[in-house]
Structures are given as C-alpha cells and as structure tokens.
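Below is one structure, written out as structure tokens; comments come after it.
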Amino acid sequence: MSSHAFLNGNEAVAWGVRLSRPQVIAAYPITPQTKAVEKIAQFVQDGELACEYLHVESEHSAMSCSIGASSVGARAFTATSSQGLLYMGECLPYASGARLPIVMMNANRALATPWNIYGDQMDVMFMLNSGWIQLFAENAQEALDLMVQAFRLGEDENVLAPVMVNLDGFVLTHTYEKVHIPSQEDVDAFLPAPRVHPHMMNQEHPMSMSISAGNQHNQEFKIREHLEMLGAEKLLEEIDKEYALRFGRSWGGALESYRGEDAEILLLSAGSICGTLRFMVDALREQGHSVGLVKLRMVRPFPTEALAKACAGARVLGVLEKDLSFGYEGTLFTNVNSALHQKNVALRSFNFIGGLGGRDITRQNVEEMVSILEKADAETPAIHYLNGRCPA
Amino acid sequence: MRNFEMSPVPKLDRLEDFPLGSSFPSFYITEKNAGWRVFRPVIDPDTCVRCHRCYLLCPDGAIHKTPEGAFEVDYDFCKGCGICAHECKPKAITMKKEGSQ
C-alpha cells in the first residue's frame, strides 16, 4: 500500500533507501545528514529493512565498506556531508574507477574553515571530478524518488557508476512536507534485485581488486569510464518516464526548463533554491518580466546539449549558485559557460554567488538578480555576490 | 623451482577490450616484477601440510596452487618479503639468499 506522510528531506531519503532494499549500509553520522542514517538504523532495528548496517568509525571507512560490499554485487548505500565527504575523498575514485554502483546521499553543507554546519554546495563541487554521477533534489518528494531512481541508474550495465544524490543541508534535509511513499511492491517491480556484474567478485572466478594499469594502459581505462558515464544522461530521462508511468510523477531528465521556452531572461541553479526561483518566475511573469528557470538536476554527466537547447532562445542567463571556486568563479558558471561555448550558443551569462554558509537567498535577492540581468550591458561585471552584509 | 607462464599479451584495439572497472584475473596487463628480491622463499613439499596459509597471506598473490594441490612460489612476482615463511606453522618455507643454492 502506498501512503502519504509528513517528512523532512532526511526522512524522505531514508524512505527512498528503505524501499530500494540495500543489502549493506555503512554510514557515519554528520550534521545535517544525521537524521537520515538514524531513521534508516531505526528501520533496520525494527526489522522493516533487512540489511547489514555497519557502524563504522569514519567516513573513509564508510566508503571503504561500501566499496567492499558493492564489489561482490551487494546493493550498498551510504550518506555523508561536508567534511565527511572530503574525508571520503580518497575512496571516491576507487568506487567509480572500479565501476561500483554505490548510492550516496550528500547533505550539502559548508566547508571549514571558518567552521559552519549550515547549507551551501561547496562540498559537492569539490568532488565533481571524482567519477560519481551527481544528482540534485529540489524537495523531499524528489529526494525520495531520486533515491530509487539512483540505484536503477548506477546499476544499469551500460553505466555502472556510483551516484551521489545531493540535498541542501537544513533547507531541504530539515524541512517538512507532504511526501508520497510508494508501495514496496511497486518499487520492487521498478527496481529489480541487484545483479552481480561480470567485473564483480565471485568465488568461481577469483580476481585481483584494483589492478595496476601503467602508462601503457591507464588512459584507456579513464576514457572508457568517462564515455560510459555520458550515457547516464539519456538513461535518467528514460528512468524518469518509466517512473512517471508507474508512480505518476515526472521530474524531467538531466534538466528541467520551467517557463523558459519564450523567456528573454533565464535563471539557472541546482537544488532546493530552484523552489524559490520557480515561485519568483511566476511572480515576476505576472509583473510582466520575461523570465524563466533552468533547473539542473544532473551536473555529472553534464547535460551539454540539453542546456544549449534550453538556452537557445534567451538573451541573457543568470547562474545562481551556493559555491565559489576561490580565485575564479562559481563552478556551475564555469560548467555552464563551457557547454554554451561548445554548442555555439551566443548569450551573455552572469554569475550570482550566494547562500554561502547557510546565508538566505531571498525573494528580494532574486528580484535584484533579474533587475541586473535586464539592465546588463558591456560594463556589467560577470560576478555578483548576493545578500552581502557589506559591499564585496 | 618453476616460473609460471605469463598470460599472453591481450589484444587491446578498442576501449571495450579494456577490463570494465579495475578487477581482473591476475596476470592481465602485468609485467614481471621481482627485481628487488634479496631472499627467496623455498617450499619443501615434503614438510608442507597444504594448509593454505602462505597462499592466503602472500600480499602479492605470488603463491600458486598446482592442480595436484601443492603450493609453488611464482618468482616472477615474489618480492621476498618473507611473510609466507614467517606464517608457515610446520616451517616448510625457508628464505634463501638469492644466488645461493
């Protein structure tokens, strides 16, 4: 029986994980992810989820255990955030290089120092090159649905890559909303039991783990990993369509264009702030502004072609993001500009950095953004800082 | 003493010919690597009780089981660390200086 419940983002993730029936979970608690792994632990304790739950001593061990579990074909899940994600860092390319479809929830949080437990997206941007598929949820319902879809995506034999599902810390992980919980039978039909793929360990065919590949061979391993990850973009769209048929909800593929088709001004972002942007697009449209939203749901692989298509008719683009690559610009901005350049889309783009360390991004901030974009000329600086306490 | 045959050099003409992931049976795209060995382990088959300890504990997977169930050291890969000799309960493995008999 499917049901509805009043859940926060962490609890929605826990439900998505429970419905996906992972066989091994190894996790270390960290704010603001703690409630997710606590809730999953409760499911296991109460006998509602049959799985091996490992209480590890660190995030490095959590990922190492997940790699071990996945390398014998077990469905493995873990969750972390911020400093914990960075501590896992060494293990992340082991998982992706070994083509192990581990799924991880990352509660996006600021990086030290100064120390801060609140939400921004500096942590995930740090790990974009780790070989993990990167998905972003806007709300708790999308987070639940993405957990189930992430296992399908990563475990597909043409993809075989680990998947990170990002939820903005506190704004999404700790905010409650009405969430539909699909029935176990429906999820079982949608997400079959995991397969032991031929590159995974089994007793009949012993193999060496993490073989060496020197300068004569290493590059081809990496290129193969890269090219096969690209297939995840189209697959996410197909999975979403199939999910919609079964569960009645579609979130789109790698990106969603909201009232963007005829918009002069496009706002682009990833994660929970897209909820505010969606609201403001509606409000500003009523006031006569020609504005639309591009919501990035997938940042690796990057939807180059789809982004170019979504931006083709616009005059100006504002990229809003909660991260900053010191000494350059926001990382989404870099990625977006390269995609537009590759596809020969000529429009001016501007970068809006905000929300660092949990700073609010308000409706007024979005109005300011749109105002800057409307008036933008050759003198307008490329990078803007939102909601500052003092001029930058 | 016997040196094990290296597997044939694989044909790697297309990306699909490369192993998926980084798990693969031993000897694939590897080269001999034992040049720095100073002492070599020598197994006395008469003392060996075939307990598998050396086989399981060799950090380089350089001890092989023959079809008859005996154990032999692969000197193309053995680095001479001596773990097998240290762990062998019936002391069937002795470390001999390279160049000596």
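Reckoned from all heavy atoms, side chains included, excluding hydrogens, waters and symmetry mates. Chain letters run A, B, ... following the sequence lines, proteins first and then strands; every chain starts at 1.
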Looking only at atom types and distance, does a side-chain atom of [X] sit under 3.5 Å from a main-chain N or O of [Y], one as donor and one as acceptor?
| X | Y | answer |
| --- | --- | --- |
| B:Asp17 | B:Arg14 | yes |
| A:Arg21 | A:Leu49 | no |
| A:Asn106 | A:Met164 | no |

Against chain B, label [X] side chain, backbone, both or neither, depending on which of its atoms sit under 4.5 Å from a heavy atom there.
| X | value |
| --- | --- |
| A:Met201 | side chain |
| A:Ser212 | backbone |
| A:Glu225 | neither |
| A:Leu227 | side chain |

Determine whether the aromatic ring centres of residues B:His64 and B:Tyr55 are separated by less than 6.0 angstrom.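 Between B:His64 and B:Tyr55, which both carry aromatic rings, the centre distance is not below 6.0 Å.
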Identify whether NZ of Lys or CZ of Arg in A:Arg152 sits under 6.0 Å from the centre of the six-membered ring of A:Phe190 and within 45° of that ring's axis.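 Yes.
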Given the options A:His205, A:Glu220, A:Glu228, which has more heavy-atom pairs under 4.5 Å with chain B than any of the others?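 Highest number of heavy-atom pairs under 4.5 Å: A:Glu220.
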Which of A:Gln216, A:Arg224, A:His197, A:Arg99 touches chain B most, by non-hydrogen pairs under 4.5 Å: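 So the answer, after comparing A:Gln216, A:Arg224, A:His197, A:Arg99, is A:Arg224.
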